[in-house]
2 protein chains.
Amino acid sequence: MYIFVFNTQSVMANQKLYKGSLQTIILKLLAENNKMYGYEITQKVKTLTHGKLNITEGALYPALHKLEAEGILDVEVLNIGNRFRKYYKLTEHGTKETISRLAEMQTFINTMQQLVNPSFSLE
Amino acid sequence: MYIFVFNTQSVMANQKLYKGSLQTIILKLLAENNKMYGYEITQKVKTLTHGKLNITEGALYPALHKLEAEGILDVEVLNIGNRFRKYYKLTEHGTKETISRLAEMQTFINTMQQLVNPSFSLE
DNA sequence: ATATATACATAATTTTCTTATGTATAAATC
DNA sequence: GATTTATACATAAGAAAATTATGTATATAT
């Protein structure tokens, strides 16, 4: 006999809300950690958000490829034993872009906070 | 001779970030204002966000119709002179749903704030 | 020996938006 | 008076960004 208990309140709130913020999250992590590989990013985000945000591979890898194609990220393939890892890091342009995206994210956060709960506002 | 000046920094930051939050914004406004019509919602959001968020009609009306179909909103059609307006208000179920969605939004905001700038965190 | 974790990738589908288009009345401007 | 802008609804086509499903392969833990 098994009893499963899920705390749906604390885990995986509304994943939908994170739509549109994945790229900014990736850029912020790379700004802090110099170079990271995809799987590492998913684990780091899971840890930092206490499991609230789980980046799926189907979202992550296309996002990394796109950022690379846009010249925001550089990639370096390293052999680790018998397998490979693709390490990503910010280009010079990517660093500028990150600063800009983080500013936009802060504006967004402030605006949403103001909208949903004016009393929490910093203004 | 015309000179156009746009301040692209303060107006319309990254509209993409708002993806997924439209329904919650609508619900919050209806919780505060009892009943509102579509156009009124777009104007209210524009004012409250100082022009940072402009809800398009192509996004708004389908969202209202969906919330109504889900039993979250009730609609009442009123004649104003020679035209009509569709006033929306929260159902009983919609009020509960709003409380839940606002809690999810607050969790999202806190998580994103923590991610992009840990020093701003309230924790 | 088997299951789980690590590590990449892509295709099909879904969701949610933008952009474009359409209709119609009211008010403001030229 | 004519024209533009604002008010007020609606939907269709297309784009963007995700989820879900599937695939491959090695390393580690049970």
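For clarity, every value in this text was computed on a predicted model and none was experimentally measured.
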Ring-face cation of A/K86 near A/Y37 (centre distance under 6.0 Å, axis angle within 45°) =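 No, a cation-pi geometry is absent between A/K86 and A/Y37.
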
Strictly by modelled atom types, are B/N117 and B/Q113 linked by a side-chain donor-acceptor pair under 3.5 Å?
->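 Short answer, no.
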
May I ask you to check whether B/N110 and B/Q106 show a side-chain donor-acceptor distance below 3.5 Å?
->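 There is such a pair (donor and acceptor under 3.5 Å, judged by atom type) between the side chains of B/N110 and B/Q106.
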
Given atom [atom1] of [X] and atom [atom2] of [N], what is their separation to the nearest angstrom?
{"X": "B/K16", "N": "C/dC17", "atom1": "NZ", "atom2": "P", "value": "14 Å"}
{"X": "B/Q23", "N": "C/dT16", "atom1": "CD", "atom2": "C1'", "value": "10 Å"}
{"X": "B/K46", "N": "D/dA6", "atom1": "NZ", "atom2": "C1'", "value": "10 Å"}
{"X": "B/E76", "N": "D/dC9", "atom1": "CD", "atom2": "C1'", "value": "17 Å"}
{"X": "A/Y88", "N": "C/dC8", "atom1": "OH", "atom2": "P", "value": "8 Å"}
{"X": "A/I26", "N": "D/dA17", "atom1": "CD1", "atom2": "P", "value": "12 Å"}
{"X": "B/E57", "N": "C/dC17", "atom1": "CD", "atom2": "P", "value": "15 Å"}
{"X": "B/Y37", "N": "D/dA8", "atom1": "OH", "atom2": "P", "value": "4 Å"}

Please determine, for the side chain of [X], which listed nucleotide ([options]) has the closest atom?
{"X": "A/A59", "options": "C/dA9, C/dA7, D/dA18", "result": "D/dA18"}
{"X": "B/K86", "options": "D/dA10, C/dA9, D/dA8", "result": "D/dA10"}
{"X": "A/R83", "options": "D/dA6, D/dT19, D/dT26", "result": "D/dT26"}
{"X": "B/Y61", "options": "C/dT10, C/dA5, D/dC9", "result": "D/dC9"}

Would you indicate, yes or no, if D/dT11 has its OP1 or OP2 atom less than 4.0 angstrom from a side-chain nitrogen or oxygen of B/H65?
->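 For B/H65, the contact criterion (side-chain N or O under 4.0 Å from OP1 or OP2 of D/dT11) is met.
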
Report yes or no: is there a donor-acceptor pair, N or O only, under 3.5 Å between the side chain of B/Q15 and the base of C/dC17?
->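 No pair found.
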
What about B/K19, does its side chain sit under 3.5 Å from the base of C/dT16 through a donor-acceptor pair?
->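 Per atom types, the contact qualifies.
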
Select from A/P62 and B/T56 the residue whose nearest nucleotide in DNA chain C is closer to the 5' end of that strand.
->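 The 5'-side residue here is A/P62.
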
For B/E32, all residues meeting side chain to side chain donor-acceptor pair (under 3.5 Å), sequence neighbours excluded |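 Side chain to side chain donor-acceptor pair (under 3.5 Å) list for B/E32, sorted by chain: B/K28.
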
5′-ward residue of the pair A/I55/A/N82 relative to DNA chain D =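 Per heavy-atom nearest nucleotide, the more 5' residue is A/I55.
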
Quick one: closest heavy-atom pair of B/T42 and B/I55, and the distance?
->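 Shortest heavy-atom separation between B/T42 and B/I55 comes out as CG2-O, 3.9 Å.
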
